[in-house]
Protein chains: 2
Amino acid sequence: MTSVEEPAHNGGRIRDAARTRAEILDVATKEFARAGLAGARVDEIAALTRTTKRMIYYYFGGKEQLFTAVLERAYTVIRQAEQDLDVEHLDPVAAIRRLAELTFDHHEAHPDFIRLVSIENIHEAEHIAGSEQLGRIGSPALEVIHRILESGRKSGLFTADVDAVDLHAMISSFCFFRVANRHTFGALFGRDLTAPDQREHYRTMLGDMVIAYLTADRTA
Amino acid sequence: MTSVEEPAHNGGRIRDAARTRAEILDVATKEFARAGLAGARVDEIAALTRTTKRMIYYYFGGKEQLFTAVLERAYTVIRQAEQDLDVEHLDPVAAIRRLAELTFDHHEAHPDFIRLVSIENIHEAEHIAGSEQLGRIGSPALEVIHRILESGRKSGLFTADVDAVDLHAMISSFCFFRVANRHTFGALFGRDLTAPDQREHYRTMLGDMVIAYLTADRTA
DNA sequence: TAGCTAACGTACTAGTTCGTACATTAGTGG
DNA sequence: CCACTAATGTACGAACTAGTACGTTAGCTA
């Protein structure tokens, strides 16, 4: 998420297109996540940057395109993390549980990304739809899940009739809800789903749920 | 959701505080769900009403308070539906499955409500927190779940270590995600989670998941 | 080192948007 | 049926906000 490191080698202002672009994206990510697409202020983004509003239009063209660029970069981070998945050396049950846990951890670690996804859904995913980059990448995780499911079914461990996409939805649902809806859930039911001392409880609960579903006795 | 019925007994304009208020709430619900709090336009809400913007300020005080009022009414509808739950005559397994299905159906039937909840979470539930009405009602469903869990555990059917709030979160996660995130999920994975011909599949999947979790063999 | 262009800054505008001051009338209580 | 108030309508303004016209300079290249 933080693409800008070097504190300053300035004095007079230095020209660095890549840094300027990245800094705008960093700040815009926070601002859009904070206030939504309509609520975010271009002037505010510019003010939190070492450059000016002019540069936002210079590099991105406009507010909506900036939002699209923010989404594109955020999804790139996810895809990268998924590429580092290394669970296929485990037995199917352990592999799925590990995968669920990694998904859980990733959601917890990137609340801003969760907010951006919520916001993009309010806008009916029109920016994803309009982005060539986001058009058709598909998640690397899906193929991993697919292979684990195959293997688990072959060995008779898994009895459930789901494909990788459905299982991914199931796992993501819980992880996403826990982070995205923690405020209303907390306000209404008085329980903080993201309280640190409850973390292990929910992480285990998710794994138990998924494994129970996949391995349930379906002879009845 | 539709609180305004009578088509017209007008001619000259009639004064009806209750109808005007309700009509504003109806229109505002749609507008806020469509565009979010910042994206919604007070003028647009007024235009879609048989009254004027002036009345929005007369009855609600401002945009934010109108949003709070919209949320209050939306949650009232949910609570009402939960009060009509009638599942405790069933055995615990059937009761939980039925409850999950009703939750599923309710989410599907009220996509605008789902959007409002997403939006309220972007604003960190500050309107719920600031509303006396929404402050501490708690869901009637929670008590139903609590009693079913007790009964299921007593008979040895349920082995899982969850309370009613956690189970409610689990069920809601899936139902909520399926509706709220259908756009990004569809755009990224090419699958419409809310496609009518997949409805039964996902409804069954949810029930299977919850029951499998609650009844899993935990002797290992 | 001259000159050229990518990168950057300033200042402004056109349009929007929330909110309100002021005027008016329907309907009710006395 | 008169007066009073709750309910409603009109017109407007102040502030904000996305976007741009125009001007400047760093630093590379020939």
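The chains referred to below are lettered A, B, ... by the order of the sequence lines, with proteins before strands, and numbering in each begins at 1.
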Return the value, rounded to whole Å, for the distance between atom CG of A:D16 and atom C1' of D:dC28.
15 Å
Could you check whether B:D166 and A:H201, counting side-chain N and O atoms only, form a donor-acceptor pair closer than 3.5 Å?
yes
Check the distance between D:dT8's P and B:R21's CZ and give it to me in whole angstrom.
12 Å
Please report, rounded to the nearest Å, how far the C1' atom of D:dG9 is from the CZ atom of B:R50.
16 Å
I want to check one thing: is the phosphate of C:dC8, taken as OP1 and OP2, less than 4.0 Å away from some side-chain N or O of A:T20?
yes
Donor-acceptor pair, side chain of A:E31 and main chain of A:R41, under 3.5 angstrom
yes
Using the side-chain contact (heavy atoms from CB on, under 4.5 Å) rule, take B:L149 and B:L214 through it: C-alpha gap first, then chi angles, then the decisive distance, then the call.
CA-CA 9 Å; B:L149 282 180; B:L214 286 174; 3.9 Å; yes
For nucleotides 15-20 of chain C, 5' to 3', base contacts (B), sugar-phosphate-only contacts (S) and non-contacts (-) with protein non-hydrogen atoms under 4.0 Å give --SBBB
Write down the distance between CG (A:L66) and C1' (D:dG19), rounded to a whole number of angstrom.
14 Å
Rounded to the Å, how far apart are A:R19 CZ and D:dG27 P?
12 Å
Within this structure, what is the CZ-to-P distance between A:R15 and C:dC4, rounded to whole angstrom?
16 Å
Taking 4.0 Å as the cut-off, does a side-chain nitrogen or oxygen of B:T51 come that near to OP1 or OP2 on D:dG9?
yes
Please give, in whole Å, the distance from D:dA7 C1' to B:Y58 OH?
5 Å
Ignoring hydrogens and geometry, is there a side-chain-to-backbone donor-acceptor pair from B:R182 to B:V179 under 3.5 Å?
yes
Can you list everything that forms a salt bridge (Lys or Arg N to Asp or Glu O under 4.0 Å) with B:R203? Sequence neighbours excluded, please.
B:E101, B:D105, B:E200
Out of C:dA6, C:dG9, D:dA7, minimum distance to the side chain of B:Y59 belongs to D:dA7
Ring centre gap for B:F176 and A:F176 strictly below 6.0 Å
no
Any donor-acceptor pair under 3.5 Å linking the side-chain atoms of A:E82 with those of A:S139?
yes
If I take atom CD1 in residue A:I56 and atom C1' in nucleotide C:dC8, what distance separates them, rounded to the nearest angstrom?
13 Å
